[in-house]
Asker: 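Once you've had a glance at the structure underneath, I'll fire off some questions.
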Amino acid sequence: MANPVHLSILKEGVEAWNKWRKDKPKIRRDLTDANLTDANLTDANLRKANLFGADLRGANLRKSDLAEANLEAANFTGAGNLEVEQLCEAKTLYKVQLDEELEKQVMGKCPHLFEKPEHETGLGK
């Protein structure tokens, strides 16, 4: 389950989220199983965030930073403005759900991210 404080800040909007991240850089962002369907996450700094099992169906991810984010089992079906490069910077894409064409492109560029990740403290559930 997502940290309710983290989720509440993100739901205030990307500007509030990015400011909070800048003000509190050492906090581990936990959005595990967060319902972010249809969210406008344009320019969101989701770097190193834990999005394990998050529902991002229909979300707008234009220019969002997913570098080193845990995207294991997240659902990006129908997400808009999601680029191969954004996904290839993630920590893991194990069991991620993507639109078929995007999945093929990502598999072609960074197939290692679809492999089961090694166990790490705080990764996944």
Asker: Are the side chains of L36 and L7 in contact, using a 4.5 Å heavy-atom criterion?
Answerer: yes
Asker: Under a 3.5 Å distance rule, please check whether Q86 uses its side chain to pair with a backbone N or O of S64 as donor and acceptor.
Answerer: yes
Asker: Using the side-chain hydrogen bond (donor to acceptor under 3.5 Å, both in side chains) criterion, which residues pair with S8? Sequence neighbours excluded.
Answerer: none
Asker: Any side-chain heavy atom of F76 sitting closer than 4.5 Å to one from Q97?
Answerer: no
Asker: Using every non-hydrogen atom in the two residues, find where A90 and L93 come nearest and quote the distance to one decimal.
Answerer: CB-CD2, 4.1 Å
Asker: Check step by step if side chain to side chain contact (heavy atoms under 4.5 Å, CB included) holds for L56 and N75.
Answerer: CA-CA 6 Å; L56 292 132; N75 187 343; over 6 Å; no
Asker: State, yes or no, whether a side-chain contact exists between T77 and L98 at a heavy-atom distance under 4.5 Å.
Answerer: no
Asker: Could you state the interatomic distance from CG (N3) to CE (M1), rounded to the nearest 0.5 Å?
Answerer: 10.5 Å
Asker: Does any non-hydrogen side-chain atom of T92 lie less than 4.5 Å from one of L113?
Answerer: no
Asker: Is there side-chain contact between L31 and N50, with at least one heavy-atom pair below 4.5 Å?
Answerer: no
Asker: What pairs with D43 under side-chain hydrogen bond (donor to acceptor under 3.5 Å, both in side chains), at least two apart in sequence or on another chain?
Answerer: none
Asker: Keeping to residues at least two apart or across chains, list the salt bridge (charged side-chain N to carboxylate O under 4.0 Å, His left out) pairs with something in residues 73-88.
Answerer: E85-K109
Asker: Quick one: CD1 on I9 to NZ on K24, what's the gap to the nearest 0.5 Å?
Answerer: 9.0 Å
Asker: Measuring only between side-chain heavy atoms, which start at C-beta, is N40 closer than 4.5 Å to V14?
Answerer: no
Asker: Would you kindly confirm whether L66 and I27 end up in one hydrophobic cluster when ILVMFWY residues are joined by side chain heavy atoms under 4.5 Å apart?
Answerer: yes
Asker: Sorted by first residue and then second, give each ring-ring contact (aromatic ring centres under 6.0 Å, His included) pair with at least one member in residues 18-43; sequence neighbours left out.
Answerer: H6-W20, W17-W20
Asker: Can you run down the disulfide bond (SG atoms under 2.5 Å apart) pairs that involve residues 7-72, sequence neighbours left out, and say none if there aren't any?
Answerer: none
Asker: What are the two closest non-hydrogen atoms of F114 and M107, and how far apart are they?
Answerer: CD1-SD, 3.1 Å
Asker: Is there any disulfide bond (SG atoms under 2.5 Å apart) pair reaching into residues 27-85, and which pairs are they, with sequence neighbours excluded?
Answerer: none
Asker: Sort and list the pairs that fulfil salt bridge (charged side-chain N to carboxylate O under 4.0 Å, His left out) and have at least one residue in residues 50-63, not counting sequence neighbours.
Answerer: D55-R57
Asker: Tell me, which pairs form a salt bridge (charged side-chain N to carboxylate O under 4.0 Å, His left out) where one or both residues lie in residues 93-102, sequence neighbours left out?
Answerer: E100-K104
Asker: Is it the case that one hydrophobic cluster holds both V106 and Y94, taking links as side-chain heavy atoms less than 4.5 Å apart, direct or via other members?
Answerer: no
Asker: Does anything in residues 35-113 pair up under disulfide bond (SG atoms under 2.5 Å apart), and if so which pairs, sequence neighbours excluded?
Answerer: C88-C110
Asker: State the CG-CG distance between N60 and L82, to the nearest 0.5 angstrom.
Answerer: 10.0 Å
Asker: Just grab all the salt bridge (charged side-chain N to carboxylate O under 4.0 Å, His left out) pairs involving residues 6-16, residues at least two apart or on different chains.
Answerer: none
Asker: Please identify each residue that fulfils side-chain hydrogen bond (donor to acceptor under 3.5 Å, both in side chains) with D30, with sequence neighbours left out.
Answerer: T32
Asker: Sequence neighbours left out, what passes side-chain hydrogen bond (donor to acceptor under 3.5 Å, both in side chains) with D65? Give chain and number order.
Answerer: R47
Asker: Hydrophobic cluster membership, with links at side-chain heavy-atom distances under 4.5 Å among I/L/V/M/F/W/Y: are V96 and F52 in one?
Answerer: no
Asker: Within the 4.5 Å heavy-atom criterion, are R21 and R29 side-chain neighbours or not?
Answerer: yes
Asker: Applying side-chain hydrogen bond (donor to acceptor under 3.5 Å, both in side chains) to N45 and N18, what does each step give before you reach the verdict?
Answerer: CA-CA 6 Å; N45 180 355; N18 287 346; 5.1 Å; no
Asker: If we only count heavy atoms from C-beta on, is the L61 to T42 side-chain gap below 4.5 Å?
Answerer: no
